[in-house]
Student: 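Below is a structure I'd like to ask you about.
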Amino acid sequence: MTSILTSAFDTWSFVLWFSILSLVMMFGNIIRRKVMLFRNLLFPTAIIAGFLGLGVKYLWYYLPELVSFVSSTYSSDFLVTAKSNVIDFNDFLQVITYHALALGFIAMGLKTVKDSKTRKYKGRPIKTGLLIVNTYLLQGIIGLIFTIILGYVFTTVAPYSGLLLPMGFGQGPGQANNIGGIFEANGFVGGQAFGLAISTIGFIWASVAGIFYINRRAKEGLIKRTSKETSQTLESMVVEGSKEIPVSEAIDKMSIQIIFIFVVYAIAWVFMSLLTKLIGDTSSFQQSMVSLVWGFNFIFAMLFAIIFKLGLKFITKKGWMKRKYTNEYMLNRLSGVLFDFMVVASLMSINIEALVDTGLLLTLFIITTVGVFATYYYLRYTTKKIYPDYTIQAFATLFGNLTGTAPNGIALLREIDPNFETPAADDLVTGSSSAVMFGAPLLIITGIIYMPEWYYLWISFVALVIFFVVFNYFMLKENKK
């Protein structure tokens, strides 16, 4: 049987698949612009496109049955290979989800977020990093409480599957896909689809609950929403600073940004390859650690992006490099593109059949509902303590990010702070960087929680609680003046 990948047109397969992603995004954007409900809820185009693409994928997959129902005599090579082509396409979607997440984090990590006058980092990067990780821990605790209980009722529910709540809510579809895949490979049937379903529900809650919060604060007279989406005039200094390389000379400035991103990713790959060889794979614990390293590729990617950025800063300070090569505006645009493709690909790759189970559906409903309310009220309390001078802006940004993705948080922030006059947007970037350091315990827990021995589950649960209490103590502790 011939499919796209084995035909004479195999070199066109990736072009065609990227074209499909681009088309659904284009139509998703048209739908968002024309349907007022989506615009009012600040639904990202990528979410609409992902659902649209998911429908297209299943229509393509079941097209032979539909055609056969209409005409039992009609046949073509396209219909014969439809199912195998969709399976190949789904593998491609998972590859895009996996790598676009890490590449997007590299673009974020290469940015320098400093005040132009004081040259100090804006906002509260350390406390924001702690708050992000604490929210992951809270979501993990809540998820595990219910999946441990429901695991006794439904055999299809893995007791450790609750840890996918912070992966889907807090870290988004890319990580839900990665860790869900690891869980599925270790016995949780439908783990990948379960994780992606959590992230999808998180997107919806980020929009609905986020807009509810903004509207409530606006009615109270505390903030004012922007009346409509407006374009911003781009100043030349944003794209070409006085000490930066020109936009176009021997090599285009955007090309430099892309080169840096892939160089950093290659360095991260070399490190992860060496690390996994050092760990080995003779025992089940070693195999789980190896899976974890590759599953958390975005953490290593962002870590080396920060190291690379510090390296550029060092050689500039020494005078070995005279001009600044990174550009924050271009890196922002690149991360936006990568995250858009990641979100669309992740939603389109959901395997709906894996979720047609009463136990999984009930578990999904309970942990996402309780999880979003816990996240909402936890952030309401903590943002008042940590960001007393811009509480509402900080809540909108962090809630959108910790139930959806960074673009959700930025979309909510733009409604009340369109010119980014508060440090809330900068907190998101710098806080995500520091969260990599504080998130190490969660990384280790993710690698052992699904081990067959019963005590790994309970050790992981107790560790989550302990770290949540300790990190909250340091986060809410007032700084000495």
Side-chain angles (χ1 to χ4, degrees), residues 39-44 108 111-118 120-136 138 169-170 172 202-203 205-232 238 328-329 332 335-336 339 372 374-435 475-476 478-479:
R39 290 170 60 186
N40 289 338
L41 286 176
L42 302 182
F43 241 59
M108 288 178 63
K111 289 174 55 183
T112 301
V113 186
K114 287 188 176 182
D115 189 274
S116 58
K117 295 179 180 179
T118 65
K120 292 182 179 180
Y121 289 104
K122 299 178 183 177
R124 299 164 176 83
I126 301 300
K127 292 209 170 188
T128 303
L130 280 170
L131 179 53
I132 289 172
V133 173
N134 280 336
T135 309
Y136 294 163
L138 175 64
F169 267 24
F203 280 127
W205 274 119
S207 298
V208 175
I211 288 299
F212 168 80
Y213 174 82
I214 288 175
N215 285 337
R216 285 290 297 272
R217 303 292 83 77
K219 287 181 179 179
E220 293 168 359
L222 299 176
I223 55 170
K224 184 179 180 181
R225 284 190 62 177
T226 53
S227 57
K228 61 179 180 178
E229 296 176 342
T230 56
S231 301
Q232 293 182 345
V238 174
E328 279 62 45
Y329 173 78
N332 262 335
S335 64
F339 286 142
V372 76
T375 302
Y376 183 90
Y377 286 106
Y378 175 70
L379 289 176
R380 283 289 305 272
Y381 173 77
T382 52
T383 51
K384 288 178 182 178
K385 298 286 186 180
I386 300 172
Y387 316 99
D389 43 347
Y390 54 101
T391 300
I392 298 173
Q393 292 81 357
F395 175 90
T397 308
L398 290 168
F399 180 79
N401 179 58
L402 290 167
T403 51
T405 58
N408 290 91
I410 296 299
L412 291 172
L413 179 62
R414 283 188 181 277
E415 284 292 298
I416 53 179
D417 185 15
N419 298 318
F420 298 146
E421 295 173 2
T422 66
D426 301 315
D427 278 326
L428 186 60
V429 177
T430 56
S432 297
S433 300
S434 60
M475 181 185 71
L476 298 175
E478 294 185 6
N479 296 326

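None of these values were measured; they are calculated from a predicted model.
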Student: Can you see which heavy atom on Phe399 is nearest to which on Gly210, and at what distance?
Tutor: CE2-N, 3.7 Å
Student: Any side-chain heavy atom of Tyr390 within less than 4.5 Å of one from Asp427?
Tutor: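 Contact flag for Tyr390/Asp427 side chains = yes.
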Student: So with a 6.0 Å cut-off around CZ of Arg216, is the heavy-atom count from everything else above 12?
Tutor: no
Student: Look at the side chain of Asn134 and the backbone N and O of Leu130, then say whether any donor-acceptor pair between them is shorter than 3.5 Å.
Tutor: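 Such a contact is found between Asn134 side chain and Leu130 backbone.
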Student: Is it true that Tyr376 and Phe395 have ring centroids separated by less than 6.0 Å?
Tutor: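 Yes; Phe395 has its ring centre under 6.0 Å from that of Tyr376.
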Student: Nearest 0.5 angstrom please: Glu220 CD to Asn215 CG, how far?
Tutor: 11.0 Å
Student: At their closest point, which heavy atom of Leu412 faces which heavy atom of Ala206, and how far apart are they?
Tutor: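 Where Leu412 meets Ala206 most closely, the heavy atoms are CD1-O, 3.7 Å.
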Student: Determine whether Leu428 and Thr128 make a side-chain contact, defined as any pair of heavy atoms from C-beta on separated by less than 4.5 Å.
Tutor: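 No, side chains not in contact.
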Student: Can you name the closest pair of heavy atoms from Leu476 and Lys385 and give their distance?
Tutor: CD2-CB, 4.0 Å
Student: Taking atom OG1 of Thr375 and atom CG of Leu402, what is their separation to the nearest 0.5 Å?
Tutor: 7.0 Å
Student: Drop me the distance from Lys384's NZ to Ile386's CD1, to the nearest 0.5 angstrom.
Tutor: 13.0 Å
Student: State which residue, out of Leu398, Thr397, Thr422, fulfils the side chain to side chain contact (heavy atoms under 4.5 Å, CB included) condition with Tyr387.
Tutor: Leu398
Student: Kindly give the heavy-atom pair with the smallest separation between Gly202 and Phe169, and that separation in Å.
Tutor: CA-CE1, 3.4 Å
Student: Closest heavy-atom contact between Ser335 and Met108?
Tutor: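 Smallest interatomic distance, heavy atoms only, reads CB-CG, 4.2 Å.
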Student: How many angstroms lie between CG in Leu131 and CE in Met475, if you round to the nearest 0.5 Å?
Tutor: 5.0 Å
Student: Could you tell me the separation between the OG1 atom of Thr391 and the CG atom of Leu379, rounded to the nearest 0.5 Å?
Tutor: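 The CG atom of Leu379 is 12.0 Å from OG1 of Thr391, to the nearest 0.5 Å.
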Student: What are the two closest non-hydrogen atoms of Ala435 and Ile132, and how far apart are they?
Tutor: CB-CG2, 4.1 Å
